[in-house]
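From a predicted model like this one, the values you see are computed outputs, not experimental measurements. Positions are given from 1, in the same order as the sequence printed here.
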Amino acid sequence: MAVSSLTLAAMTSLSTSTIAALEEMLQNAARPAPADYLPIYFSKGGSDAQIIGYLSPDFIPFLQDSLKKESIPLISLTHDQLHIANAKPRALSASLHQLADRIRIGGFIPGWRNEDFAWVDQNGHQYFRLERAAFRTFGFRSMATHINGYSHEQRIWLGRRSESKSTDPGKLDNIAAGGIGADETPWVCARRELWEEAGVPEQIASEIEPVGRIHMRRPVPGRGFHDEQLFIYDLELPHNFIPTNHDGEVSGFIEVSYAEAAARILADEFTSDAAFVTADFILRRNK
């Protein structure tokens, strides 16, 4: 249920219970995959393989039938795991794209965008690229940037996602946020998203402050397993700045107090990722 605007406007400070609720929420950012999700193993080299994703049981029967009819190079599926063999990035990407395309044709990957994400290991090496909509289907770890746009008056700008978005339509989001493309750095992505989503010019966007990362992991019913590293930035905006969307992905913006933003988080008005990012911002600013 949405919180009344009148009630929210009257709130000027964070209560102890609100702070405790936000802190508890942040402790549950990274959840394990459910027991019935099938692990995806990847052999990067040598005999050891690591789990890099999870398949929802919703997709497994279709994939089993598909691979029995026609195999895909570098991909094997058993009763207890899907295994990806290592190869040169182009060959590996081609096999995974073929696998994802089959699942898309089967109706299991909505919101196909013809944009690639990259799977990057803990050392920063890129092993393959894949359609961004398929990352959640396979539970592969993706990367995104989120920017907290705030003013000196202790107010924060929030965007409302367009109703036409394939994920979380109509939910509140940060002033700008978006997935990091296969050929982008977090810094480049953040500034691009600030212009596309909020019309923040380069001379202002270049003032973003990197403040950390949040690792998000959660099952998404019917969609797969969301595993994403969120690169977080803060940006102080001029008092007379008004965000303007350029890419059609945001229906509008609101500027609210930190207390109102917290109330809206607890009223479940945010996307999951933006809720955690904004909660982290509020708690840092409340110290």
Side-chain angles (χ1 to χ4, degrees), residues 40 52-56 58-59 62-63 66 72 75 84 89-120 126-147 159-200 216-231 245-252 270-274 277:
I40 300 175
I52 66 167
Y54 293 91
L55 271 179
S56 165
D58 297 337
F59 315 142
F62 175 84
L63 200 52
S66 176
I72 295 175
I75 306 295
I84 303 169
R90 182 174 295 181
L92 184 54
S93 298
S95 288
L96 287 168
H97 180 85
Q98 188 177 347
L99 183 65
D101 197 48
R102 285 195 193 178
I103 299 178
R104 177 186 67 84
I105 293 171
F108 295 107
I109 306 182
W112 192 277
R113 299 177 60 163
N114 293 312
E115 297 176 18
D116 284 347
F117 278 170
W119 188 83
V120 179
Q126 182 181 135
Y127 280 81
F128 60 82
R129 303 160 67 114
L130 185 63
E131 158 64 34
R132 62 180 294 172
F135 261 66
R136 183 174 286 184
T137 304
F138 293 112
F140 294 152
R141 185 182 62 248
S142 56
M143 298 180 292
T145 57
H146 281 250
I147 303 95
R160 188 173 296 282
R161 291 166 69 86
S162 167
E163 292 292 345
S164 63
K165 292 283 288 183
S166 62
T167 56
D168 300 317
K171 288 277 194 175
L172 290 176
D173 209 335
N174 299 111
I175 190 171
I180 299 171
D183 296 314
E184 287 187 310
T185 65
W187 182 267
V188 169
C189 176
R191 290 181 295 164
R192 174 180 59 77
E193 291 288 354
L194 278 166
W195 173 252
E196 292 177 356
E197 294 194 345
V200 180
M216 298 289 297
R217 298 179 84 235
R218 68 181 185 279
V220 182
R223 298 293 295 271
F225 190 71
H226 179 71
D227 187 337
E228 193 158 61
Q229 286 280 6
L230 308 182
F231 289 78
N245 179 248
H246 288 163
D247 61 7
E249 295 189 1
V250 181
S251 63
F270 280 72
T271 71
S272 293
D273 289 354
V277 171

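- Rounded to the nearest 0.5 Å, atoms NE2 (His226) and CG (Asp273) are 3.5 Å apart.
- The side-chain heavy atoms of Asp173 and Val250, taken from C-beta on, include no pair separated by under 4.5 Å.
- In this structure, Ile103 and Phe138 have side chains that are in contact, with non-hydrogen atoms separated by less than 4.5 Å.
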Side-chain donor-acceptor pairs under 3.5 Å in residues 140-147, sequence neighbours left out?
unit_1	atom_1	unit_2	atom_2	d
Arg141	NH2	Val120	O	2.6
Ser142	OG	Glu228	OE2	2.7
His146	ND1	Asn174	OD1	2.7

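- Between Phe128 and Trp119, the ring-plane angle classifies as parallel under the 30° and 60° cut-offs.
- With sequence neighbours left out, the side-chain contact (heavy atoms from CB on, under 4.5 Å) criterion links Thr185 to Trp187, Val188.
- Take Asp101 and apply the salt bridge (charged side-chain N to carboxylate O under 4.0 Å, His left out) test, not counting sequence neighbours, and it matches Arg104.
- Counting only distance, with no hydrogens or angles, the side chain of His246 and the backbone of Trp195 share a donor-acceptor pair below 3.5 Å.
- Side-chain N or O atoms of Arg161 include none that pairs as donor or acceptor with a backbone N or O of Pro169 at under 3.5 Å.
- Under the 4.5 Å side-chain criterion, counting only non-hydrogen atoms from C-beta, Pro110 is in contact with Arg223.
- Using a 4.5 Å heavy-atom threshold, the side chains of Glu197 and Asp247 count as touching.
- Residue Gly224 comes nearest to Ser56 through the heavy atom pair CA-CB, 4.3 Å, listed as atom of the first residue, atom of the second, then distance.
- The side-chain heavy atoms of Arg192 and Ile180, taken from C-beta on, include no pair separated by under 4.5 Å.
- Here the shortest heavy-atom pairing between Gly248 and Ser162 reads O-CB, 3.5 Å.
- A 4.5 Å side-chain heavy-atom check between Ile84 and Ile75 finds at least one atom pair inside the cut-off.
- Partners of Phe59 according to the ring pair (Phe, Tyr, Trp, His ring centres under 6.0 Å) rule, which considers only residues two or more places apart in sequence or in another chain, are Phe108.
- Remark: Ser272 OG to Met216 CE distance equals 5.5 Å, nearest 0.5 Å.
- Across all their heavy atoms, Phe117 and Ala182 have their closest contact at C-CB, 3.9 Å.
- Counting heavy atoms from C-beta on, the side chains of Leu99 and Leu63 come closer than 4.5 Å.
- Note that CG of Leu55 and CD1 of Ile40 are 4.0 Å apart. Values are rounded to the nearest 0.5 Å.
- Among residues two or more places apart in sequence or in another chain, the ring pair (Phe, Tyr, Trp, His ring centres under 6.0 Å) test is passed with His97 by Trp112.
- Gly111 and Ala133 get closest at one heavy-atom pair: O-CB, 3.6 Å.
- With contacts defined as side-chain heavy-atom distances shorter than 4.5 Å, the pair Ile109/Glu131 does not qualify.
- Counting only residues at least two apart or in different chains, salt bridge (Lys or Arg N to Asp or Glu O under 4.0 Å) contacts with residues 107-116 comprise Arg113-Glu115, Arg113-Glu249, Glu115-Arg132, Asp116-Arg129.
- A distance of 7.5 Å separates OG of Ser93 from CD of Gln126, quoted to the nearest 0.5 Å.
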